[in-house]
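The structure presented is a predicted model; accordingly, all values stated were derived computationally and were not measured. These values consider heavy atoms only, across backbone and side chains, with no hydrogens, waters or symmetry-generated copies.
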Amino acid sequence: MKSIIITGASSGIGHATAEMFLDAGWRVGLIARRADRLEALADQYDTAVPLPADVTDAAGMQAAFEAFGPLDVLFNNAGLFGPAATIDEIDLDAWAQVMQVNIGGMFIAARLAFAKMRAQEPQGGRIINNGSLSAYVPRPNSVCYTTTKHAVTGLTKTLSLDGRPFGIACGQIDIGNAETELLAQLKKSQPGTDTMHVENAARSVLHMAQMPPEANVQFMTVMATNMPYIGRG
């Protein structure tokens, strides 16, 4: 049975992706802070493994990865948007929190997955980072989030290169306007925002995860058809 750990699995894209993989017969490790939500999902599936942890807590994350066992795929998904404002209006503590979760948390999860995949037999695996269209097309008033998503792209490219000797592939999915709780807040402030069902994002992650070892989706963009978009420069 194939196995995957998903961070941010208690809501939004992470929750939808967890359900998609569980329905496809995978063993799924569920990482998030809200243990009750993870337990509720695990009650519905025999192959769901709740692993309550904060992605910024290195010790807690290590314990979660060790408890899960062999790992085929990490979906490095957890993140937050942060304050929607111009840079001069952003509190430094809020800035630091977004950096800690979106970069620090992703680094911790990727580091643990890389080490496990390198050491296990057979060696190898796949890391899928959740980027964003903001990695190259920022929204107004999104300086915290956008900065972190550019960093995620750097993480993806480096892991993709460094993982080659160990059979570890790394790719990034850039998602635009999937229907989640986070996007619902955006739609209130920006009426008429075009969206897509979150299952489209989850299905795309499953496609990336099911690629054979000799193939890798380095970058995938999945977005609402009619949302404003400018391609990678």
Decide yes or no for [X] and [Y]: does some side-chain heavy atom of the first lie under 4.5 Å from some side-chain heavy atom of the second?
{"X": "I6", "Y": "V28", "answer": "yes"}
{"X": "H207", "Y": "V217", "answer": "yes"}
{"X": "L159", "Y": "I168", "answer": "no"}
{"X": "I128", "Y": "Q172", "answer": "no"}
{"X": "H15", "Y": "I13", "answer": "no"}
{"X": "V73", "Y": "F21", "answer": "no"}
{"X": "M196", "Y": "T225", "answer": "no"}
{"X": "L161", "Y": "R164", "answer": "yes"}

Taking all atoms of both residues into account, what is the closest heavy-atom pair of [X] and [Y], and its distance?
{"X": "Q44", "Y": "A40", "answer": "NE2-O, 3.3 Å"}
{"X": "S160", "Y": "N216", "answer": "OG-ND2, 4.2 Å"}
{"X": "I5", "Y": "L71", "answer": "N-CD1, 3.5 Å"}
{"X": "S204", "Y": "I173", "answer": "CB-CD1, 3.6 Å"}
{"X": "A78", "Y": "V55", "answer": "CB-CG1, 3.9 Å"}
{"X": "P70", "Y": "Q120", "answer": "CA-OE1, 3.7 Å"}

Which distance, rounded to the nearest 0.5 Å, do you find between the [atom1] of [X] and the [atom2] of [Y]?
{"X": "E19", "Y": "L22", "atom1": "CD", "atom2": "CG", "value": "8.0 Å"}
{"X": "N77", "Y": "N130", "atom1": "CG", "atom2": "CG", "value": "5.0 Å"}
{"X": "F107", "Y": "L112", "atom1": "CZ", "atom2": "CG", "value": "9.5 Å"}
{"X": "K149", "Y": "L155", "atom1": "NZ", "atom2": "CG", "value": "10.5 Å"}
{"X": "Q97", "Y": "L92", "atom1": "CD", "atom2": "CG", "value": "13.0 Å"}
{"X": "R33", "Y": "D54", "atom1": "CZ", "atom2": "CG", "value": "5.5 Å"}

Quick one: is the NZ or CZ of R27 closer than 6.0 Å to the six-membered ring centre of F68, and within 45° of its axis?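 Yes - R27 lies over the ring of F68, closer than 6.0 Å to its centre and within 45° of its axis.
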
Quick one: do W26 and Q210 satisfy side-chain contact (heavy atoms from CB on, under 4.5 Å)? Show the steps, please. CA-CA 11 Å; W26 287 57; Q210 289 178 327; 4.2 Å; yes

Around [X], counting heavy atoms of other residues, nucleotides and ligands shown, do more than 12 lie under 6.0 Å from its [atom1]?
{"X": "R118", "atom1": "CZ", "value": "no"}
{"X": "D46", "atom1": "CG", "value": "no"}
{"X": "Y45", "atom1": "OH", "value": "yes"}

Steps toward side-chain contact (heavy atoms from CB on, under 4.5 Å) verdict (N102, L80): CA-CA 7 Å; N102 292 13; L80 57 95; 4.0 Å; yes

Without swapping roles, check the side chain of [X] against the backbone of [Y] for a donor-acceptor pair under 3.5 Å.
{"X": "D174", "Y": "S132", "result": "yes"}
{"X": "K116", "Y": "F65", "result": "yes"}
{"X": "S3", "Y": "D72", "result": "yes"}
{"X": "Q123", "Y": "G167", "result": "no"}

Would N129 and T156 count as a side-chain hydrogen bond (donor to acceptor under 3.5 Å, both in side chains) if you check the C-alpha gap in whole Å, the side-chain angles of each, and the deciding distance to 0.1 Å? CA-CA 7 Å; N129 292 326; T156 299; 2.9 Å; yes

Does one side chain, of T146 or Y136, offer a donor that lies under 3.5 Å from an acceptor on the other? no

Distance only, no hydrogens: is a donor on one side chain within 3.5 Å (strictly under) of an acceptor on the other, for R34 and S10? yes

Derivation of the side-chain contact (heavy atoms from CB on, under 4.5 Å) call for V98 and F81: CA-CA 7 Å; V98 179; F81 190 81; over 6 Å; no

Let's go through T47 and M1 carefully: what are the C-alpha distance in whole Å and the side-chain angles of both, what is the deciding distance for side-chain contact (heavy atoms from CB on, under 4.5 Å) to 0.1 Å, and is it a yes or a no? CA-CA 10 Å; T47 57; M1 180 183 294; 3.7 Å; yes

